[in-house]
Every structure is written in C-alpha cells, then in structure tokens.
Amino acid sequence: MSEPAPPAEESLPEQIANRRAARERIAALGVPTYPNRWDVTHLVSDVVARFGPLDAQAIEALPEAERQVSVPGRILAIRKMGKAIFLDLSDGRRRVQAYVRRDAVPEAAWELVGHLDLGDHVGVRGAAFRTRTGELSVKAERIDFLAKSLRPLPDKWHGLTDVERRYRQRYVDLAVAPETREVFELRARLVSYIRRFFDARGFLEVETPMMQVLPGGAAARPFVTHHNALDIDLYLRIAPELFLKRLVVGGFTKVYEINRNFRNEGISTQHNPEFTMLEFYTAYADARDQMALTEELFSSAAIELLGSTRLPWGEETISLEAPFRRLSMRDAVVEHGRDLPGGPVAPGDLEGLEALKRTCARAGVEGLERFGDVPGKLLAELFETLAEPHLLQPTFVVDYPAEISPLAKAKPEDPAIADRFELFIGRMEVANGFCELNDPDEQAEKFRAQVAERTKGDDEAMLFDEDYVEALSYGMPPTAGEGIGIDRLAMLFSNSRSIRDVILFPLMRPRGSGR
RNA sequence: GGGCCGUUAGCUCAGCGGUUAGAGCAUCUGCCUUUUAAGCAGGGGGUCCUGGGUUCGAGACCCAGACGGCCCA
C-alpha cells in the first residue's frame, strides 16, 4: 500500500484559506452555507431556451410574472463594477448572466455577493432582460448561497487542457467544459436509442452474470476475484455470450444485453479494461440477417442523433449510409497487400501454412511462433496488419476461418469458413457476429481444440464449458448473435479519437502520492 | 514490453548552462451602477515531478525512477 496522501490543501494554502475565510464571512451573515434545497423554476439552459430567441423589447413586453425566474448555477465568471456585479451562472451546458445592483437587492445579499468566489453555487431570483449590449441577463432581486467551492477552478479561458486531470478529475472537466458534457449526453442518447431500437423489434433486455465461475464467450484474459462464503474464485466476465445463448435455449428468441465486460489486457486509445458491450441474439437468423439489422441500427441511430448518416471523423468523413461494404477476409488481405516487398499478395499466397508464413514474413509480422501453426490465426494476423488500418468506411469483413471461431457455425457450403463477420468503421473493430454453433457435439469438439491450443501456450484460448454444452444439448434453435462495442460506437458518433474521451472515469494508474 | 514527447505559480504557458525563475488569467488591497477574456493602480504567491550525478554555478546537461500523452508490440 502506498503512503496515505498528505492533505492536498497544503499545496495551495493561499487560495483555499481565502475561500474558507469567505465561507466564514458568508456564515456570519446568518445564511446557511450548505442549504438542503432551493426552489428552482428554471435551469440556466431553460432560461436560455425561453428567452434566448427574444430580443430586448420582446422580453420587456412580457408580463412581469413571465419574466421572473429562480435559476441556480455555478459561478464561472465575476465582473465587479463597483456598485454592480455581473455573475456568469453555468448549469454545465449553457451560461446566463446575473446582474446584481447594490440598490436592487437586500443589504445582506449585496454583502454576500462580495464574498462569492469562482466555482461557488448560488441561486438567483429575478426578471429576465437584456443589457444594452444585448446580453441575456437576470436582474437579481434575491440571491441565495447554495454551496462553496473551496478550490479554484481551471483557467476561465483555457479550461482544463491537462488530459490526465481531465480523466482523473472528470468533475472538474465537466464543470468547465460543456463540450465534454455533450459527449456524455450524446453517449447516453445513443444507448437510449439502442434500447428503443431493440425493444421496438421485440427483443427482451436481460441481465446475465458479471461474475462467472468459468469465463467464456471470447478470447481474452479475465480478472479474478474471490467469493468468501463459497470459497471459490470467480471471474469478471469477458463476455455475456454463453449465458445469452442459454436464454435462447430457454425460449427467449430475441434477447439483448447492454453491460460491462472486463478484459485483463492493455490500455490504449481503443481499449479500457472495463468497457460496455451490446450483445443481441436473434433466433432463426444467420449472419446475413444480423448484418442487415446492424446497418439499420447504425444508420437510423446516426439520423436520430446527428441528423445525418455522414459522420465527421477528424479530417475525414464516415458514411453510415446502408448498405455497408462486404469484403471477405482473404480479399481484404489481397486488396491491401499490394505493396509488400516481393510483390503484391496473390490469393495463392494465403493458401496453406507455409505460404501464409512466407506472406507474414513479407508483411513484417514477427514472432510467428505465437500463432502455433494455425493457418487461420496467420490469416487473421495478416488481415489485422495489412487491411484493418485501411478500413475507414463501414466494412463487414466476412468469411472468417472456422478454426478461430470456436462458437460459430460454419457456412453450409464450406466447413472451413465460419458464417461470421466483423464490422470495421474508422479503422476500428466495432462489431463481431456470427451464426451460432448449436450442435452440442461439434461445440464440445471445438472446446477440446481450444483446450489443446491453451496447453500449447495460447492463454487466450477458451475453456471447456461443460454446462454450456449441456445447455446446447437441450436444443438451441438456429440463432445469430452479435456484439457491438458501445464505447467505440460512442467514439464514432462523437468524433473522439480516444476511448477515454467517451468513458467518464477511465482506468488510470493510481498516483503514488498526494497531488 | 519498446520508441518518441511532456511534467515550471491555483490554471494556461514562456524561460538561450550564468543576477533574486517570468507572463496572462486566478488570488489579495483600492477605484468603478448595463459589463462580458470588463477596465485602471498596487501587492502576495514556486518541492521548476522525484532521487542521484557533472559543474565554481543546474529549471536547463547526464543517469535512474514516477505519472501522463502519442506511436509500436
């Protein structure tokens, strides 16, 4: 354990001491410094929405009662003009100005205003009007103190540019940066839309275990925890897949779950150890049906949330207009393997173990031994190296090797090819879906092959889940399933280049000592 | 795990081996009744990320470490 952090306030005694003293002076006025409640008629955004469209005369023409507002907010700017003070109030989205005249408020309120600091919460009661410069304002008749900020906020002009602090102290970021709030409001609307989309199509939202005795449903390392009463280790789930399919066995023919997955792996601009996954399962459907549903979901969500299927993505634009391109994994490698040393990749260069190894070497793939002479893994690696970095526009990559798809059913015409796809947008993997393997004997065989891979050193290979095979043995109808990474989808919709910009509190290494 | 970059006042940032480390905002004092990055005058505020080293002298150079960012694995 690290040493307990010293009181961080020692590092900024002057500003904190000033603010504590100001709080004492406010208390001396006889007003509560942390009142329990305050009667709100309008938030700042409401004031802006109500009066923003009106010019000065239009506002003044309103009956007095309609101009009256009781609006709370955090003070983000103070301009003292002698016997008048302007306060910028923020609700995190918008700002409105309060105009406090010495001769228009009670004596105690005027004294209070003199003791306010940037970051304090106050409530202002008064009439909306426009100043002679046209600024929408509230002419204070009363002003109530709601809470003190004992620490200074970031620079009022530059805001919080230190990305580390933005992630570690998201509340500070949110307090001063409306554009940060907008990202998370957009994310919330996206998730809400997804629920409406699936609910409207007869899907049932369910919740399956986050703590699992056997982590399954994906190729990833799990987090381990321990249940004391049962004295067993449990794993935070890496995917809900195997439980959702048990529900399909039970007769829920359309189910979905939106919840957290946990993978004990690296952190990057596209990876957070806990991330949010949508998984949905449709009985009687195959991969083609899921792809069509996905196109409909993405393009309708874009229209609903952004008003367009065209998404700005840095300097580029992504079109979510359906249909999305379909491209086989092999064709993707050929298409994007034209400039390899030794000439472009030919289809024959992807046939057979030795040819694949030679092609990998030409593509600069190192450490071939980690693929354990599995041709499908080599092909997938070539795809990731050569093709994935180019898949800006939505592309369903299809025809995955069956041997790297142990939970998927093969295509009827080719047992070596899984009826599976992954969707790439913005050079990121956004979705992974397939027709679910529902033959319990074949599933058992695939699990055995996975266990063999694991003993050969692949610690991401799956474990044998006997209970799941037993569930399948009761009979699962033909079913297609899919997982969609909500965080990455939120990145696309908000034009965010880092997953940490769409996760409120991304995982950070703990600070060694007090800041 | 590797490479590159960053860490200086509360915030945003300057700082070329050489006085007592600076600016803007914030803060404090004073003035100012429609201002708005308000303005004017004056003041205070520093573990230059940490620990070693080189040097007469280190915020700067060297080594190690911490934390973060980007890229790669």
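Letters go in sequence order (proteins before strands), and every chain restarts at 1. Just so it is clear, the values below take in all heavy atoms, side chains as well, and ignore hydrogens, waters and symmetry mates.
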Review point. Is the shortest distance from a Lys or Arg side-chain nitrogen in A:D459 or A:R221 to a carboxylate oxygen in the other one below 4.0 Å?
Key: yes

Review point. Can a donor-acceptor pair under 3.5 Å be found between the side-chain atoms of A:Q15 and the base atoms of B:U27?
Key: no

Check your understanding: Watson-Crick or G-U wobble partner for B:G1, using a 3.5 Å limit on both distances?
Key -> B:C72

**Study point:** Donor/acceptor link under 3.5 angstrom from A:R102 side chain onto base of B:U33
**Key:** no

Practice item. Kindly indicate whether the side chain of A:D103 and the base of B:U33 share any N or O donor-acceptor pair separated by less than 3.5 Å? Key: yes

Check your understanding: Side-chain donor or acceptor of A:D162 under 3.5 Å from a matching atom on the base of B:G68?
Key -> no

Practice item. Measure from the side chain of A:P154, starting at C-beta and using heavy atoms only, and say which of B:C11, B:G10, B:U33 lies closest. Key: B:C11

Point to revise | A:R427 to A:W313 six-membered ring, cation-pi geometry met (6.0 Å, 45°) | key: no

**Study point:** A:L118, nearest nucleotide to its side chain (from B:U35, B:U27, B:C13)
**Key:** B:U27

Check your understanding: Between A:K357 and A:D373, does at least one N-O distance fall below 4.0 Å, as a salt bridge requires?
Key -> yes

Point to revise | Residue A:M508, side-chain atoms from C-beta onward, closest of B:C71, B:G68, B:A73 | key: B:G68

Review point. Start at the 5' end of RNA chain B and walk down; is the nucleotide closest to A:E135 or to A:Y167 reached first?
Key: A:E135

**Study point:** Donor-acceptor pair present, A:T161 side chain and B:U12 base, under 3.5 Å
**Key:** no

Check your understanding: Do A:R79 and B:U35 have a side chain to base donor-acceptor pair shorter than 3.5 Å?
Key -> yes

**Study point:** Side chain A:E14 and base B:G44 donor-acceptor under 3.5 Å
**Key:** yes

Review point. For the side chain of A:N18, counting heavy atoms from C-beta on, which of B:U27, B:U33, B:C67 is nearest?
Key: B:U27

Point to revise | A:R132 or A:L116, whichever maps to the more 5' nucleotide of RNA chain B | key: A:L116

Exercise for review: Could you please name the option among B:G68, B:U12, B:G45 that lies closest to any side-chain atom of A:L160?
Suggested key: B:U12

Review point. Out of B:A26, B:U35, B:C11, which nucleotide sits closest to the side chain of A:K156?
Key: B:A26

Review point. Less than 4.0 Å between a side-chain N and a carboxylate O, is that true for A:D91 and A:R74?
Key: no

